[in-house]
There are 4 protein chains.
Amino acid sequence: LTSADHPGSAAGPGPDPAAELGLLAPGRADSAVEAATGDAAWLAALLDAEVALVRAAERLGRAPAGTAVTVAAAASAVTDVRGIASRARDGGNPVIPLVADLAAAVRALDPRAAPYVHRGATSQDILDTAAMLVSARALRPVLDDLAATARALGRLARVHRATPMAGRTLTQHAVPTTFGLKATGWRALVLDAHDRLTAARAALPAQLGGAAGTLAAFQRSEAPESFGAAGAEGHGPAPCGAAPDCPAPDGPHDGLPLAAAFAAETGLPEPALPWHTLRAPVADLAGALAFTGGALGKLAADVLVLTRTEIAEVTEGSGGGSSAMPHKSNPVRATLIAAAARQLPQLAAVLYGSMAAEDERPAGVWHAEWQPLRDALRLAGGAARDARELTAGLVVHPGRMRANLALTGGLPTSERLAAALTPLLGRDAARALLTAAARRTAAEAIPLADVLAADPALRGALPEARLRALADPAGYLGAAPELTDRALARPDPPQEVP
Amino acid sequence: LTSADHPGSAAGPGPDPAAELGLLAPGRADSAVEAATGDAAWLAALLDAEVALVRAAERLGRAPAGTAVTVAAAASAVTDVRGIASRARDGGNPVIPLVADLAAAVRALDPRAAPYVHRGATSQDILDTAAMLVSARALRPVLDDLAATARALGRLARVHRATPMAGRTLTQHAVPTTFGLKATGWRALVLDAHDRLTAARAALPAQLGGAAGTLAAFQRSEAPESFGAAGAEGHGPAPCGAAPDCPAPDGPHDGLPLAAAFAAETGLPEPALPWHTLRAPVADLAGALAFTGGALGKLAADVLVLTRTEIAEVTEGSGGGSSAMPHKSNPVRATLIAAAARQLPQLAAVLYGSMAAEDERPAGVWHAEWQPLRDALRLAGGAARDARELTAGLVVHPGRMRANLALTGGLPTSERLAAALTPLLGRDAARALLTAAARRTAAEAIPLADVLAADPALRGALPEARLRALADPAGYLGAAPELTDRALARPDPPQEVP
Amino acid sequence: LTSADHPGSAAGPGPDPAAELGLLAPGRADSAVEAATGDAAWLAALLDAEVALVRAAERLGRAPAGTAVTVAAAASAVTDVRGIASRARDGGNPVIPLVADLAAAVRALDPRAAPYVHRGATSQDILDTAAMLVSARALRPVLDDLAATARALGRLARVHRATPMAGRTLTQHAVPTTFGLKATGWRALVLDAHDRLTAARAALPAQLGGAAGTLAAFQRSEAPESFGAAGAEGHGPAPCGAAPDCPAPDGPHDGLPLAAAFAAETGLPEPALPWHTLRAPVADLAGALAFTGGALGKLAADVLVLTRTEIAEVTEGSGGGSSAMPHKSNPVRATLIAAAARQLPQLAAVLYGSMAAEDERPAGVWHAEWQPLRDALRLAGGAARDARELTAGLVVHPGRMRANLALTGGLPTSERLAAALTPLLGRDAARALLTAAARRTAAEAIPLADVLAADPALRGALPEARLRALADPAGYLGAAPELTDRALARPDPPQEVP
Amino acid sequence: LTSADHPGSAAGPGPDPAAELGLLAPGRADSAVEAATGDAAWLAALLDAEVALVRAAERLGRAPAGTAVTVAAAASAVTDVRGIASRARDGGNPVIPLVADLAAAVRALDPRAAPYVHRGATSQDILDTAAMLVSARALRPVLDDLAATARALGRLARVHRATPMAGRTLTQHAVPTTFGLKATGWRALVLDAHDRLTAARAALPAQLGGAAGTLAAFQRSEAPESFGAAGAEGHGPAPCGAAPDCPAPDGPHDGLPLAAAFAAETGLPEPALPWHTLRAPVADLAGALAFTGGALGKLAADVLVLTRTEIAEVTEGSGGGSSAMPHKSNPVRATLIAAAARQLPQLAAVLYGSMAAEDERPAGVWHAEWQPLRDALRLAGGAARDARELTAGLVVHPGRMRANLALTGGLPTSERLAAALTPLLGRDAARALLTAAARRTAAEAIPLADVLAADPALRGALPEARLRALADPAGYLGAAPELTDRALARPDPPQEVP
């Protein structure tokens, strides 16, 4: 099992053998969500949260003018993802080493700004806020791709509102349906996913609570010093002293306006409470992402059936060829969507399970959220991109649909024929006649219309043209076209995701 | 391993050895949801759906007046749950044998009504509609219990808005918090769960699509017969003939008004499309139920910590005694809630996974929904009942909370002391002094205030009373009381669930 | 939504509206496992465990001769499943009320036997032992059904070892395979499942540890009384006094031989340690059950593909007909197996998750095991029964397999043709010729052999018979027959499950 | 939400913004498993599989001597993980672009070797074999860490075999146990995990089946050419012609010895059948990894309880300090293990679910395995490393254990006292006396022994020394030391993992 003598494995092809670059994830490699959720994007969001905290303090006059500019400049020098990841082991989260690096970078620029870095915050404030920023940013391309998918499906549904095809239940042909109804059903789920993700995204809140969620460390003391001169770096309230807005002993707590200003700086809504262990935002997002996986998974499941060699009613436009097996054109986009749809519910289960978080910060339950949340965003993002490409290029074969419908010789119309013949023959006779005819159709592959047209019992009872019309599956579409129209009245999402 | 020689196992104590009556489910036995989701309740809902279909037909003049009354009367005779369950094996769902039993019962009352039973519907129409009826009915007591829980938690939060207790992070005392803030956090999650379940419940739609979701079989034919005389029982459109509203060849499809009338009869909203394989309602309900499990799971997780023998800050009012171990009073309600919270995310994962349903009716994906949906309702229902009982009886021990806070000798205030001493001593000296003092507090169990008061470096720098105030954890509550007030402004749910 | 005015729902058709009798579980209703795992079977197993404890004490001379007979007789009177379930709410498990009922029944027969009921045991001892008994009993029919399934698949594989059919990858025809290879693959997984369940079953241990797993309460005291006269009922060690085997102060603990005797009485292996929170047996069983679901799920997934209307290469022997849709014959057995396979991994996830059980008895983690374990047994049991029926009746259509193979006009042989033509034409020319020919085959539906036979470039290079042989998919089976033979050498399981 | 104006997010700190380097995974960053499972390690294993195929061909005389050396040399030039990941989107797996890169590299070295690259294989052969190689390699450090953990736990158990501590059930003190029994229980689970992983690892098979698992393309043709001159690159059998071992028409298929040779070259066992859709090896590995997560999760759950501020019976040796909160020493290792244990069952559920794989290669089910398998290896690897560090440094505080035991004033001995007093007072009187005494102990915090010693009813009945001995929890350890000894007889794993 050793790979020592294999050149490929001797040294490893890259600088970091542990890195993941998408090799095992063709369903999401290169997607916009992938870039928006990589370690670099998380590092950027963590730094954005730290900078927002200083900006908020400065906006409220609790840090000298210019401090935030200094900290923001220093943040651009904090880039050692790998080192931060290593050092995160000690305390169990990446914010601790990140703050150390950021504080060092700030000190190098202006030591007076250093005390304002991370002041009063706890690691979870920064990590949760970053998670919300990453999620909100990553969902933008997901929503874009879902909107484009819905538009493409709307076009397909309009074109094929009355294109007959076999309805299939429990793998068997049932009565006919239309491709338009199928496409508009896919679209309805995609719009539902868009709605749920939009709602979940709009509710992603900023997080600021301090060590135990009480905002205690954000209270300025009544000591007479001005802010910049002292203060424990990274911890503890700054004294306000003679400042005119210094908190009165009975006045509102200093932490409340700071939490509001912090949220404003991040662009995220302010929550009613610090939510260190009230994980509704994460759970709701998890549910919306699992829903999205399911919505696209339905599309993929149908495409995989319809592209089967024996069925061949649709073809993926981008199905790759194979030089040695020219007959193969695999439904790769649908395959990769299906793979994502199988994983998303499990990740959501982890995240729903993490709601049961003990204490003011749980030991493990919170830490178990980070990767599943990222993975869920990435899988949904990849699936949405693949769905957009799949629906943009999907080739529909109405002729093949008709041919497949004819495979059962008109049997799917037996339901309708029974209703038509009953008044003519009586219920029992009509059923007996149809059952016998259907058996012959199935056994001898003679179309049901031919069998019935030759039946003396029907001679004269029903004109042959009428009989053939009743036995034509393509004429038995029910309300499929009308349902399609009705569902298409639901508008597409707006082009621009805010 | 044989149990043949054990009297208990020889015959089995009950008439149906396979039955489940709650023996392994103390968390949900006897709850209102349990009764609302048993096989009898499902059977009733299935029959309700069948009756609603006949009522809808009658309302539209497609069945003779009085038919629905007959069918409803016959439905009361369909009670053989066990037999229907057995016969469901053949076709894979219970509707097929149920329709047979119902039709037989109708024929026994009035054969003319028989053709209207299940006419045009497919098994999934009835089962899905019944699932929505059962869910809507079962959620009523869940919502009631959540509302009562929220009210109880509101009371606790108001009383204890400023009751100090240790904030705990990663199992260790951090800075203090208040029990009010904790209780209002629990309440916020319970209200969130109530919101999500209410929204999911309001959206549970009726289902009517026919064999492949096209409503095809609901079209009346143009044949000249009046309705009652013929028509294939249970299948196929009734002829309308001379009826003034007989469908015009180009007119709207007969199925659409029937679907609307059917929804109205069930009391459920009419969906835009038949949703045989568009499972948004089930997925949304699954998410809301998993959320509820998580919300109550947070409450339970905290109660389990706080009732530990060594912590003992709260006691379950109903904790059962033990004759031989009188010191034991187990937090049973929290235990059973915690058990439910561990199962709900997995059930939701099954249901989210079932969104990827191929064709017009999938082979297995749909069938995999039924039990997990029921189990999820039951687990959430049991957990909500236990939460109501738990919060109604929860005994809070503020004295013990203070005693525990004191365990660390004032160490949780080191954050605040550092901020206060820095202007007096300089940052480095303040930190060095505090670190040494804290080590002594931890090692020798001398309160931090005593250590500091004896430190010559602080003599004169800070009045001892001020020092002791700063080192009193109970005085370092941050914005906890204000946050509690703010969160309590969110109103309780209405008393009555519609 | 109210069902008050619907007769069906007014009263409920059965005596216990909360009962589950299989209505929503056609995949497992009426199976042998269902009866072996119902509440009555669990009650019997709980009583078996209690009786085994008294027998063990009597065997060791720690209870008077005849005590166990009395207790066993009393156990047969403990039948109130429903009442025990209700009363289980107080303490959170059913053993507490069960012991109360059993002790009362014993007292009614012979009060002197009462002190020996449940003596020294804890609820978890009884419930865990019962769970193992129920599991061991329930697995017997599962193993029987798997063995029968393996035998049926062996027969199918032997008959069809060289029956050509399309190999399908990513939904598309690839190169051919044989039905025998497919069937022997199914068999291999079924045998694997049988192996894993057999191993897991053989390791299911008895449980006896007492309140905290130390066996403390089983120590007889040195007090001078004889056993029967006193002793706290249900708790505490019996005094042994002058008994010759009374434990010496330094001798081995009394609990150890009792634990061994208890295990012997149950017929289950004795574990090295009480395993109240060492849940390996449950986790291993969970894994084996999930494996079984996956193994049968593979069979079902293939059958569902192969029975599709357009493919129709196999038919379920028992596929039910439909009076109104005579063309429908649904693969119901495969459908229900597929439904079970979707649920089992989630239940296993709960059980694996319950390994992380804190303390000597966890608050919730243990309670979360009971229903998922039962559900997993039931789902596996139903799936095994359905697999047995499915494979016993499966109808194979070799003609249809050949016809489907021909659908692609010989394209699956392009791999082989390329190898044969390369030495004749050179690599590039051979590939170009084949690619062009394959495109024509795909576009115009002319068999590849015809296209090639008409190609002037091949005239004379290859005899037409050789060309047609190379282009015949049915002649390109690779090692499929030999692989089938090799796999069939693996023996069937023994007929009798011990 | 835009991060454009934040320096940190403007450009991204690294070259590949999508890369994962461990930032969100402190539980596994820098572990040996992490390096063994990164994209570079997977690429190496994929190339190892390709080289093994050529070596096998050369060993059987089906490729010219020296070909494998050339291909191995070329493999060292295939390092573009990122590019392969991108190009993998087209066909849905990374092997297709990898083969293209490898073939190009081979052609650059020696064009005559090119036709032997990937000859006859399918992408899944290479990817599955690589997955097994990666798994086998990654499990070595996991097994090492588990073995070291077991040794450390054995040492702890031996030292503390009779160290009394509170047994805790449902969060409450029950009867006493010993820390040795607890540690030996942890060890038993770790050894169980070691056993299961060792067994699963030994069974990880090579994979070689060709396009549809029939080995068809490995058959040499009867054409008269020598091997090197031609053959479709990457596809199709090489002709053997005059070679003495050219396959006879009726002889064994060429693919079988090649599959055996390939397995030998990889160092992995040869399977009975190609297992493209017989996923027992992956499922078994998944189960063993979930088991490992649970085994270590039990250890972590207990450590998290025992390190609570109020309990403080153990301390993580490496718990990091905090400059501002010197009282904090978080159980970080246990926290990260607990986080891993929450995720592993979900990943196993995905992998068990993937057993239900349709056809000869499923569309999505297979693709859904890759990341969960890697993630599961990584989580288990990180948890095993953390467990090793945790147990190596765990500090046990026997004094604190005794102090906690005393918290309940001797109440845990009430079980024993009841047994001792019953013969003296009669059952009812003994129980009444004890219940009253216990209530006083609980209410007034007077030790139970003191209450009883002052009770006139016991004066003379029991010597006070005897009473105090009976009421001393530390003397009521049951068989805990003996059970510890017995469990310690199970040997540690061997030092060296093969």
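We name chains A, B, ... by the order of the sequence lines, and we start the count at 1 in each one.
Chosen from B:G209, B:A290, B:A283, the residue pairing most often with chain A at heavy-atom distances under 4.5 Å is B:A290. Of the listed residues B:A489, B:A479, B:P274, the one with more heavy-atom pairs under 4.5 angstrom with chain A than any other is B:A479. Options B:T184, B:D284, B:V305, B:L344 differ in how many heavy-atom pairs under 4.5 Å they form with chain A, and the most are formed by B:D284. Counting heavy-atom pairs closer than 4.5 Å to chain B, the top residue among A:G353, A:A487, A:G185 is A:G185. For the set B:V350, B:L256, B:T484, the count of heavy-atom pairs under 4.5 angstrom toward chain A peaks at B:L256. Per-residue heavy-atom pair counts under 4.5 Å with chain B were compared for A:T122, A:T177, A:L273, and the maximum is reached by A:L273. Chosen from A:G255, A:G167, A:A288, A:A259, the residue pairing most often with chain B at heavy-atom distances under 4.5 Å is A:G167. Your options are A:A295, A:A480, A:G294, and the one with the most heavy-atom pairs under 4.5 Å with chain B is A:G294. In terms of non-hydrogen atom pairs under 4.5 Å with chain A, the most contact-rich of B:A430, B:A356, B:G297 is B:A356.
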For residues 210-217 of chain A, please give each side-chain donor-acceptor pair under 3.5 Å, one per line with the distance, not counting sequence neighbours.
residue: A:T214; atom: OG1; partner: A:A216; partner atom: N; Å: 3.3

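Taking each heavy atom of A:W186 and B:L278 in turn, the nearest pair found is N-CD2, 4.4 Å. Shown here for B:M355 and A:L189, the closest heavy-atom pair between the two residues is CE-CD2, 4.2 Å. The two residues A:A363 and B:T171 have their closest heavy-atom pair at CB-CG2, 4.0 Å.
The pair B:K182-A:E360 counts as a salt bridge, with a side-chain nitrogen and a carboxylate oxygen less than 4.0 angstrom apart. Looking at B:R486 and A:E270, a side-chain N of the basic residue comes within less than 4.0 Å of a carboxylate O on the acidic one, giving a salt bridge.
Counting only residues at least two apart or on different chains, the ring-ring contact (aromatic ring centres under 6.0 Å, His included) pairs with a member in residues 338-367 of chain A are A:W366-A:W370, A:H367-A:W370.
Using a 4.5 Å cut-off between heavy atoms, A:L483 touches chain B through backbone and side chain atoms alike. Only the side chain of A:R196 comes within contact range of chain B, with at least one heavy atom under 4.5 Å from a heavy atom of that chain. Heavy-atom distances place no part of B:S354 under 4.5 Å from chain A, backbone and side chain included. With a 4.5 Å cut-off on non-hydrogen atoms, A:T178 does not touch chain B at all. In this structure, no portion of A:L306 lies under 4.5 Å from any heavy atom of chain B. Only the backbone of A:A166 comes within contact range of chain B, judged by heavy atoms closer than 4.5 Å.
Under a 3.5 Å cut-off, the side chain of B:D302 and the backbone N or O of A:E358 do not form any donor-acceptor pair. The backbone N or O of B:A357 lies less than 3.5 Å from a partner atom in the side chain of A:K298, making a donor-acceptor pair. A donor-acceptor pair under 3.5 Å is absent between the side-chain atoms of B:Q346 and the main chain of A:A349, judged by distance alone.
Counting heavy atoms from C-beta on, the side chains of A:T169 and B:D359 never come closer than 4.5 Å.
With rounding to the nearest 0.5 Å, the separation of CG in A:L477 from NE2 in B:H253 is 9.0 Å.
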